[in-house]
2 protein chains.
Amino acid sequence: MARAGLTADRLVRAGAELADEIGFEQVTASELARRFDVKVASLYSHVRNSQDLKTRIALFALEEMADRAADALAGRAGKDALVAFADVYRDYAREHPGRAAAARMPLDPATAAAGAGPRHAQMTRAVLRGYDLAEPEATHAVRLLGSVFHGYSSLERAGGFSHSAPDSEETWIRILDALDALLRNWPTAHTP
Amino acid sequence: MARAGLTADRLVRAGAELADEIGFEQVTASELARRFDVKVASLYSHVRNSQDLKTRIALFALEEMADRAADALAGRAGKDALVAFADVYRDYAREHPGRAAAARMPLDPATAAAGAGPRHAQMTRAVLRGYDLAEPEATHAVRLLGSVFHGYSSLERAGGFSHSAPDSEETWIRILDALDALLRNWPTAHTP
DNA sequence: GCATTCACCTAAAGACTTTAGGCAAATAGC
DNA sequence: GCTATTTGCCTAAAGTCTTTAGGTGAATGC
């Protein structure tokens, strides 16, 4: 019998594509084996188990997004950087819904820290360099941006904004305008 | 044999509790049947299938959150309303992680529209009454708030902010300060 | 050319889902 | 209060997915 040439990496990439096609939830070792025309048990030499496979797909997606974000950030600053950075997340989620869902999967802290998580945080901080925020406000802002990007993609995907005016594209532009304004004018202290 | 007294409603409530205990993903017809000391097949007279069960749990959670939000909003306006409203979502997610995860589950548009979805949007609009936003800016703001609440709970749950200073509580307070400031000072037009 | 390693296989057991059909408890009609 | 119907839960069975154990042939190393 000819060998199929399975590797963890090939499984993960195929799993990511499968996720985009049929949804991350539906990615299953069985389906993946079918794609490779291989018996399911064969996957278990390359991947610990089904959970492990999904985790790897999530890490792969996070890495891919971080690469794109790094690219987008190069040579930009201020609002230009903010918009380019934000668009990476939104575009990725629209282009690769399954991978984006994977990236939103809860990872245990150790795994997340070993993956591209810190890189994302670092790049968000880089975006904020264009604004004038000292710690701890910068961290708050990093978390706000993360929440917005994450939440917006998630709601957009769930169809929250579709079929109603104004269209999602316009909202996205205006939200970035608003975030830019907010970052330029970050409230100094807590107002009770 | 004594009857267990199953109803769709009791199944959904038990499913919601189960979700909080073991995670929404892990909620399964089999496990639920075990809790009721009943055979799995018996559930299928009350619930179409496993997907239907999960959808109902999601709708239940959304309803519960909407009820709490309505309560929190009564008699409040301005930032007071914003904070109370936002806290409902965050507190609910911390108190009921499984249900909150259920509420984040993608629903098909028709199902979402028939559930508490519109109520949430309506209440968010009510919060914005305390600020001075005309359409379509109000809609953009509704979507921004939804994204932030949704995204923050999700990241907080995933452990994104834990184990690092400043603590999540402080960030939450400052994010609400920032959103309040932003809504009071919403940028009028797109700045290219 | 032989031994080892590695890639994929078969086999099997356990869990979850879903459908079909049956019996007994609850309810309704008289 | 008895019968008839409905309803609630059951058994049975087939299908899918996961995971482990152990086997066989293909690739690699000496």
Salt bridge between B:Asp177 and B:Arg174, side-chain N to carboxylate O under 4.0 Å? yes
Show the distances under 3.5 angstrom between N or O atoms of the protein and N or O atoms of nucleotides 11-14 of chain D.
none

Please verify the inter-ring angle class for A:Tyr89 with A:Phe149; under 30° counts as parallel, over 60° as perpendicular, anything in between as tilted. parallel
A:Tyr44 OH to D:dT20 P: how many Å, rounded? 7 Å
Could you check whether A:Arg35 pairs with A:Glu31 (Lys NZ or Arg NE/NH1/NH2 to Asp/Glu carboxylate O, under 4.0 Å)? yes
Regarding A:Asp87 and A:Trp172, do their side chains bring together a donor and an acceptor under 3.5 Å, going by distance alone? yes
Going by atom types alone, do B:Thr139 and B:Arg125 pair a side-chain donor with an acceptor below 3.5 Å? yes
Length of the CG-C1' vector between B:Leu6 and D:dG8, whole Å: 8 Å
Under 3.5 Å side-chain donor-acceptor pair for B:Arg48 and B:Thr55: no
Among residues 10-38 of chain A, which contact DNA chain D at a heavy-atom distance under 4.0 Å? A:Thr28, A:Ala29, A:Ser30, A:Arg34
Would you say A:His46 and A:Leu53 make side-chain contact, with heavy atoms under 4.5 Å? no
Thinking salt bridges, do A:Glu63 and A:Arg119 make one under a 4.0 Å N-O criterion? yes
Hydrophobic clusters here meaning ILVMFWY residues chained together by side-chain heavy-atom distances under 4.5 Å, can you tell me if A:Phe161 and B:Leu107 are in one? no
Can any side-chain N or O of B:Arg76 pair as donor or acceptor with the backbone N or O of B:Ala72 at less than 3.5 Å? yes
Within residues 45-54 of chain A, find the residues that approach DNA chain D with a heavy atom at under 4.0 Å, and present them sorted by residue number. A:Asn49, A:Ser50
